[in-house]
Amino acid sequence: MIKEKLLYLQTFGCQMNVSDSEKIAGLLKNIGYRPTNDSSLADLIILNTCSVRARAEEKVYNHLVQYKGLKRKRPKILIGVGGCVAQQEGERLLLNIPHLDFVFGTHNLHLLPELVLSAEKGERQAETDFIDNDSRLDLFPVDNSTNGVSRFVTVMQGCDNFCSYCIVPYVRGREISRRSADILEEISQLAAKGVKEVTLLGQNVNSYGLKSDGELDFVTLLRQVSEIPGIERLRFTTSHPKDFSRQLIDCFAEMPKLCKHVHLPAQAGSNAVLSAMNRGYSREEYLSLIGQLKTVSPGIQITGDIIVGFPGETETDFQETLSLLEEVRYTDVFSFIYSKRPETKAAGYTDHISQKEKQMRLDRLLAMQRKITLENNRSFEGSVQEVLVEGESRRGGQIYGRISGNRIVNITADPALVGQMVRVTITRGEQNSLQGELCN
Ligand code: SAH
Ligand code: SF4
Ligand code: F3S
């Protein structure tokens with residue numbers, strides 16, 4: 001029998017990294033590692049990292065510094081770095097951080113067991129090669145060990161859009177789609193284990209299948225997933241506005257299982273900034289898309305991402321972003337201060353905005369969106385919603401789940417309902433969530 005060892009896995013960044021971490025835990029289970037929440041007990045520490053903004057990257061280095069002391073006390077502990085910082089830095093991480101044992105990039109999850117076994121023997125290695133489309137099966141190791149009623153399923157990774165601010169195309173590589181048959185098979189297996197909701201995941205899901213011969217396109221994939229028995233709800237993220245087709249819009253009218261929520265990042269509200277960002281759509285095109293979605297699916301919830309303080313953004317440009325929030329009336333917005341990233345086109349721009357001004361713009365945007373979010377949450381009061389119950393709330397005595405529109409609802413009810421679809425009357429809309437009561 002293999003001796004059980006403890007893995008402390010820290011995840012930074014987006015849902016893609018969260019999903020990769022599940023796969024990492026699954027792969028390492030096969031070589032005897034069990035997860036722990038206590039880094040001081042771990043035999044192996046892995047940081048699955050994000051480099052989308054400078055702050056995200058600094059966090060990783062701060063944690064690594066912290067583990068230096070741990071390694072001094074327990075020299076046998078192994079430390080590895082994966083994800084987007086690992087992809088960006090590669091061998092340099094091993095050179096700069098003597099207490100680091102191994103590095104693996106975003107295309108190398110499948111090599112991890114080997115890397116760990118070599119590290120156990122004292123070998124220090126970095127694996128950060130990108131793989132090509134032909135070997136793409138290796139990119140998507142499946143892990144079905146995690147429980148839960150709602151799961152993310154990776155359908156593609158990488159991005160070919162090269163928005164001028166964004167490091168993702170450099171750290172995740174070119175768009176590579178997973179085989180449709182494998183996706184459908186994985187979801188069928190999840191449904192057989194009791195999963196009722198799946199979210200199809202990729203940096204840019206609308207481009208799914210377009211660059212691999214013989215694969216389904218995204219809309220056909222969605223339709224086939226919705227026919228899998230047991231799957232009651234379907235979502236997808238993230239979409240790019242420039243690739244959101246009319247057929248995909250119509251899915252919201254035609255597919256009852258497709259949830260009434262779209263995450264559709266606008267990034268900015270002014271055409272000058274959108275163009276400098278290389279987003280490939282105008283404010284008018286974006287608003288037309290939102291209008292069409294709201295027409296085919298009344299009540300659809302829209303969330304988005306916004307960057308403030310992009311180089312050259314004037315006060316007038318910024319006011320156009322504020323007015324975009326008003327026009328779209330987003331359910332929620334993830335807003336970020338522009339951060340200069342290596343290799344990106346915008347890193348070469350000269351007209352940077354001061355940190356103070358960027359912070360002021362972010363504060364103004366947050367204040368406006370908080371108001372819209374609260375008003376929107378209150379608009380649900382008195383309505384009856386289908387809620388898929390996902391777990392017990394941190395507030396004691398309550399369970400929580402999400403409505404089709406992806407808002408969280410807390411309900412005072414029996415924890416035995418976890419995993420079930422229930423009907424709920426919304427009693428109160430709060431800033432970050434809804435309160436509800438079970439319908440009789
Ligand atoms: N299409 C992607 C977006 C990934 S990055 C997806 O799959 O979700 C998530 C968000 O980070 C972007 O939408 C953008 O708003 C923000 N972001 C990316 N690069 C940034 C930068 N250099 N500075 C600030 N925010 C950035
Ligand atoms: Fe980055 Fe743009 Fe690709 Fe999204 S679409 S990952 S923002 S380059
Ligand atoms: Fe970060 Fe990489 Fe995701 S840079 S946002 S973890 S794709």
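Whatever order the structure lists ligands and atoms in, that order sets their numbers, starting from 1.
Within ligand 3, the atoms closer than 4.0 Å to a non-hydrogen atom of Arg172 are 7 (S), numbered from 1 in the order shown. If you number the atoms of ligand 3 from 1 as listed, the ones under 4.0 Å from a heavy atom of Cys84 come out as 2 (Fe), 4 (S), 6 (S), 7 (S). Close contacts between ligand 1 and Arg341 involve ligand atoms 22 (N) [criterion: under 4.0 Å to a heavy atom]. The contact set between ligand 1 and Gly202, taken as ligand atoms under 4.0 Å from a residue heavy atom, comprises 7 (O). Those atoms of ligand 3 with a heavy atom of Val52 less than 4.0 angstrom away are 1 (Fe), 4 (S), 5 (S). Near Ile337, meaning under 4.0 Å from any of its heavy atoms, are these atoms of ligand 1: 23 (N), 24 (C). Atoms of ligand 3 lying under 4.0 Å from any heavy atom of Asn17, numbered from 1 in the order shown and given with element: 6 (S). Taking every heavy atom of Cys50 and a limit of under 4.0 angstrom, the matching atoms of ligand 3 come to 1 (Fe), 4 (S), 5 (S), 6 (S). Atoms of ligand 1 lying under 4.0 Å from at least one heavy atom of Val52, given by number and element, are 5 (S), 18 (C), 19 (N), 20 (C), 21 (C), 22 (N). Close contacts of ligand 1 with Gln267, meaning ligand atoms under 4.0 Å from a residue heavy atom, involve 12 (C), 13 (O), 14 (C), 15 (O). Those atoms of ligand 1 that come under 4.0 Å of a heavy atom in Tyr338, given as number and element, are 23 (N), 24 (C). Listed by number with element, the atoms of ligand 1 under 4.0 Å from a non-hydrogen atom of Thr238 are 6 (C), 7 (O), 8 (O). Using a 4.0 Å cut-off to heavy atoms of Arg53, the atoms of ligand 1 that qualify are 11 (O), 16 (C), 17 (N), 23 (N), 24 (C), 25 (N), 26 (C).
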ring-ring contact (aromatic ring centres under 6.0 Å, His included) evaluation trace for Phe236 with His263 = CA-CA 8 Å; Phe236 55 85; His263 183 65; over 10 Å; no
Verdict with reasoning, Arg246 to Gln292, per side-chain hydrogen bond (donor to acceptor under 3.5 Å, both in side chains) | CA-CA 9 Å; Arg246 182 67 222 187; Gln292 292 174 61; 2.7 Å; yes
Evaluate side-chain hydrogen bond (donor to acceptor under 3.5 Å, both in side chains) for Gln10 paired with Tyr67, printing each intermediate quantity in order.
-> CA-CA 12 Å; Gln10 237 178 332; Tyr67 294 140; 2.7 Å; yes
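Here the side chains of Met421 and Arg233 are in contact, with some heavy-atom distance below 4.5 Å.
Residue Phe336 touches ligand 1 through its side chain alone, judged by heavy-atom distances below 4.0 Å. No part of Thr344 comes within 4.0 Å of ligand 1, judged by heavy-atom distances.
Using bins of under 30°, 30° to 60° and over 60° for the plane-to-plane angle, the ring pair Tyr165/Phe310 lands in the perpendicular bin.
For atom 3 (Fe) of ligand 3, the nearest non-hydrogen atom of the protein is Cys14 SG, 2.3 Å.
The pair Arg279-Glu285 does not meet the salt-bridge criterion, since no charged nitrogen lies less than 4.0 angstrom from a carboxylate oxygen. For Arg361 and Glu357, the salt-bridge test passes: some basic side-chain N is under 4.0 Å from an acidic carboxylate O. Remark: Arg402 engages Glu390 in a salt bridge, criterion side-chain N to carboxylate O under 4.0 Å.
Note on ligand 3: Ser51 sits in its first shell, one or more heavy atoms being nearer than 4.0 Å. Taking a 4.0 Å cut-off on heavy atoms, Ile307 registers as neighbouring ligand 1.
Judged by the 6.0 Å and 45° rule, Arg174 forms no cation-pi pair with Phe130.
Comparing Pro265, Ser51, Ser339 by heavy-atom distance to atom 21 (C) of ligand 1, the nearest is Ser339. Comparing Gln88, Met16, Gln203 by heavy-atom distance to atom 7 (S) of ligand 3, the nearest is Gln203.
For the residue pair Ser433 and Asn410, the shortest heavy atom distance occurs at OG-ND2, 3.6 Å.
In this structure, atom 3 (C) of ligand 1 has no protein heavy-atom contact shorter than 4.0 Å.
Note on atom 2 (Fe) of ligand 2: protein N, O or S atoms under 2.8 Å away count 1, no waters included.
Looking only at distances, a side-chain donor or acceptor of Ser177 sits under 3.5 Å from a matching main-chain atom of Gly209.
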